[in-house]
Amino acid sequence: MPQLGRMVAQRLALGLLTLFIVSLIIFLCVELLPGNLAEAILGQAATPETVAAFNRELGLDLPPHERYIAWLINIMQGDFGRSLASQREISELLGSRLQNTLFLAAVAAAIAVPLAVSLGILAALYRESIFDRAVNAVTLTSISVPEFFVAYILIIVLSVNLGWFPSISNINDGLSFWEKVYRTALPAFTLTLVCVAHMMRMTRAAIINLLASPYIEMARLKGLRPGRIILKHALPNALAPIINVVVLNLAYLIVGVVLVEVVFVYPGMGQLLVDSVAKRDIPVVQACSLVFAATYILLNLLADVLSIMSNPRLLHPR
Amino acid sequence: MTMPLTGSTFSGHASPWFSRVAVAAVHFFLLILFLQNVTVDFWSAIPGFVFIHAYSAIVLVYWSRLDQTPAGDTVIVTLTLEFVLIAILFWDSFSAWPWSTLFGLALVQICAFAAVRYWSELRQAPYSAWFGLIVILIYIMVAATAPIIAPFGETAIVGAEYDEWSDKHLLGTDNLGRDMFTRLIYGGRNTVGIAFMTTVLAFVLGGLAGLLAAAMRGWMDQVLGRTVDTLMAIPSFIFALLILTIVGTSVPSLIVVIAVLDATKVFRLARAVSMNVVVLEFVEAASLRGEGLWWIIRSEILPNILPPLVAEFGLRFCFVFLFLSGLSFLGLGIQPPTADWGSMVRDNATLITYGDITPLLPAAAIALLTIGVNFVVDWFLHKASGLKD
């Protein structure tokens, strides 16, 4: 176990370093890339005095390294600054929206992960059958189409024609838990369809990979039923890649919400990010990017650590 | 029809009379096409003349090198004449767009030559690959000849808003009263064209960097590798949004931003596969012989890593294509009034809540192309891996 602790600490330190560099990149993007923020916000006709006043107000007249340090320290204290467009505190804007986005991703994951893993196991069990091929074809198709296509198809079928779910998921804190789940159903289904394919194929491949190994053949020769072989003998050893791909897809879920949130007008981080990009509200875009990147890095880290934990061989690399 | 038998024993000789006549006929057809425009648009006709001669020369040379069979020649000539015939029948619209006609013709001939050259492999291709190839071909053809096929101008307002499907407007009109069918055709040209250019740029950047990293190792490998690692730590869609906020959304900045972000993935693959080649004896022999870095990359490594890179090109194209339409769908990609599939879905999304599927057609067009490319890549990978089923 001490080895595991050291490994986790090592990865965590690496993750923190990455996060630090990422924050630097996000900050420097504004510095280095062409394009004048003041001109973009105030318009071409702005006089030099207004531009100077604008720069002073945002602290843009200070040297970059001072600003970066101030920015970083403020963020660590939970202060992301103010939005350029609405003058509101960014942390206030982010708070409830981050919650909503995490809620959506959680609902999607709660549907997608069990579905993908069980479909993968079934496909491995009945491989090369009609079922396997059908699942394969459907999942392959669903990853090669754009997310908004899936979303609108679901709206047309489940909302317009059948009337089962609302096409706009308008949620707020006043709603009960199940009401919220009901309203997030369509965006969650969309995300599920988009990310199930990868997880399911990986599960299937990981299990089928093991089926050729001698100990599985032994189990088969003992006369065990195929279902039992796969669940009791193959699955535990296939767990590492499966966990890895599941967590990586969770990272994708958090990031992939952007398009889906816009389609369903869901009040989450993605919607906020897109609105701010359209308004060129750079402080908000920076804050959103940082939160998204942090989540992404954290989940990637988790995937790493979990796959090491589930496979002791990775702890002692030769 | 009588024609000289040109079996394998004849290959290498000059082409039979009828291919020469065909090339000459096409040459004159193209000349007429550009000549009748000379008074209207003198300066576009001049490069046209130069281009026609170069084109005819290339066709002639390639044709005489092709392993000729009478059947193959018949296929090429028939397809070419078919295109010319269609162009003559609809002369008015074709003659207004000489360059599109020229590209359309070139495309038909390239396909015909490729089909004849690779027939033995194509014959064994599975149905899914055929489906994919045909879909890709139709898309390229439509993109090349967009102004000829489209009944109206790209940005022309030709009717009321949200018109129904009718004879005049095949797929109705959009939120500003522009013809949907026309926008769909032009949108294909813009979206596919920009996605293709982006992918090419990503491959040039990423592939070159990957090859350099593998061939030079040492600090170069470290610097490039760590840079790419850092760039990949930020989710690319979010990163693209961040950069586009700052530099603004114009087509060149879109292409460069997406290409650079995508190049990181190409770099990974190119470096990984060329690492396997760099350690082989023939590369060592070449460097001991005193060959330069560029020569080693170009003639020793590149030919050996081409199959996985070509397959990756298809997959990357799909990814870029979806990425770009996603951005456009958010209103942050290709800007109006340029037609584009992603923004077409967004602009007409209101109709969807009334159960009208017209706004989904561009999305379906995106889906069809990515599925087609995936099928072809599957087949190509299967073939390149040397598996026999």
Side-chain angles (χ1 to χ4, degrees), chain A residues 15 18-19 21-22 24-26 29-35 37 40 140-153 155-156 159-161 167-168 251-252 254-256 258-259 262-263 270 273-274 276-282 284-286 288-293 295-297 300, chain B residues 128 226 229-249 253 257 315 318-319 321-332 341-342 345-346 349 351-357 359-375 378:
Chain A
T18 318
L19 198 56
I21 296 173
V22 164
L24 200 63
I25 292 179
I26 289 175
C29 266
V30 186
E31 275 326 295
L32 299 180
L33 288 172
L37 185 60
L140 194 63
T141 313
S142 74
I143 38 171
S144 20
V145 305
E147 282 120 328
F148 51 89
F149 186 57
V150 179
Y152 281 128
I153 294 275
I155 289 186
I156 285 201
S159 167
V160 177
N161 286 343
S167 66
I168 288 179
Y252 170 76
I254 305 261
V255 175
V258 177
L259 276 166
V262 172
V263 174
L273 177 61
V274 170
S276 315
V277 173
K279 287 184 222 150
R280 305 193 75 171
D281 191 344
I282 290 186
V284 183
V285 176
Q286 277 179 321
C288 286
S289 312
L290 196 62
V291 173
F292 272 123
T295 323
Y296 191 71
I297 292 170
N300 272 311
Chain B
S128 60
R226 295 295 82 76
D229 280 351
T230 325
L231 285 180
M232 283 180 97
I234 310 176
S236 53
F237 201 80
I238 308 290
F239 203 11
L241 286 181
L242 174 69
I243 301 177
L244 289 175
T245 320
I246 300 161
V247 297
T249 46
S253 61
V257 168
L315 295 179
C318 288
F319 183 84
F321 191 53
L322 289 176
F323 196 100
L324 191 66
S325 0
L327 279 178
S328 296
F329 174 76
L330 296 176
L332 306 168
W341 286 342
V345 177
R346 167 201 175 86
L351 284 182
I352 293 174
T353 41
Y354 299 107
D356 188 341
I357 57 148
L360 284 183
L361 290 175
I366 297 170
L368 191 63
L369 181 60
T370 41
I371 293 173
V373 173
N374 268 320
F375 279 152
D378 259 5

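Chain A is the first sequence line, chain B the second, and so forth, proteins listed ahead of strands; every chain is numbered from 1. Please read all numbers here as calculations on a predicted model, not as lab measurements.
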Exercise. Looking at B:Ile371, B:Leu368, B:Thr230, B:Asp229, which has the largest count of heavy-atom pairs under 4.5 Å with chain A?
Worked result: B:Ile371
Exercise. Looking at OG of B:Ser236 and CG of B:Leu241, how far apart are the two atoms once the value is rounded to the nearest 0.5 Å?
Worked result: 10.0 Å
Problem set entry | Donor-acceptor contact present, side-chain B:Ser253 to main-chain B:Thr249, <3.5 Å | no
Exercise. Based on non-hydrogen pairs under 4.5 Å, which of A:Asn300, A:Leu19, A:Ile25 is most in contact with chain B?
Worked result: A:Ile25
Seminar exercise, completed: Okay, B:Phe239 and chain A: the region with an atom under 4.5 Å from a heavy atom over there is side chain
Exercise. Looking at B:Pro235, B:Ala367, B:Cys318, which has the largest count of heavy-atom pairs under 4.5 Å with chain A?
Worked result: B:Pro235
Exercise. Between B:Leu332 and chain A, which part of the residue has a heavy atom less than 4.5 Å away: side chain, backbone, both or neither?
Worked result: side chain
Exercise. Should A:Pro146 and B:Trp341 count as side-chain neighbours, where that means a heavy-atom distance under 4.5 Å?
Worked result: no
Problem set entry | Geometric class of the A:Phe148/B:Phe329 ring pair [parallel <30°, tilted 30-60°, perpendicular >60°] | parallel
Exercise. Within the side chain of B:Thr370, is there an N or O that forms a donor-acceptor pair under 3.5 Å with the backbone of A:Ser144?
Worked result: yes
Exercise. Under a 4.5 Å heavy-atom cut-off, does chain B meet the side chain of A:Val262, its backbone, both or neither?
Worked result: side chain
Exercise. Got B:Phe237 and B:Leu327 here, is their nearest side-chain heavy-atom distance under 4.5 Å?
Worked result: yes
For this session: Could you have a look at B:Val373, B:Val345, B:Asn374 and say which one has the most heavy-atom pairs with chain A under 4.5 angstrom?
Result: B:Val345
Exercise. Less than 4.5 Å apart, any side-chain heavy atom of A:Val145 and any of A:Ile153?
Worked result: no
Exercise. Highest number of heavy-atom pairs under 4.5 Å with chain B: which of A:Leu259, A:Val285, A:Val263, A:Ile297?
Worked result: A:Leu259
Exercise. In terms of heavy-atom proximity below 4.5 Å to chain B, should A:Thr18 be classed as side chain, backbone, both, or neither?
Worked result: side chain
Problem set entry | Trace of the side-chain contact (heavy atoms from CB on, under 4.5 Å) decision for A:Phe292 with A:Leu273 | CA-CA 10 Å; A:Phe292 272 123; A:Leu273 177 61; 4.0 Å; yes
For this session: Heavy-atom distances under 4.5 Å only: say whether A:Ile26 touches chain B with side chain, backbone, both or neither.
Result: both
For this session: Identify which part of B:Leu360 has an atom lying under 4.5 Å from any heavy atom of chain A, answering side chain, backbone, both or neither.
Result: both
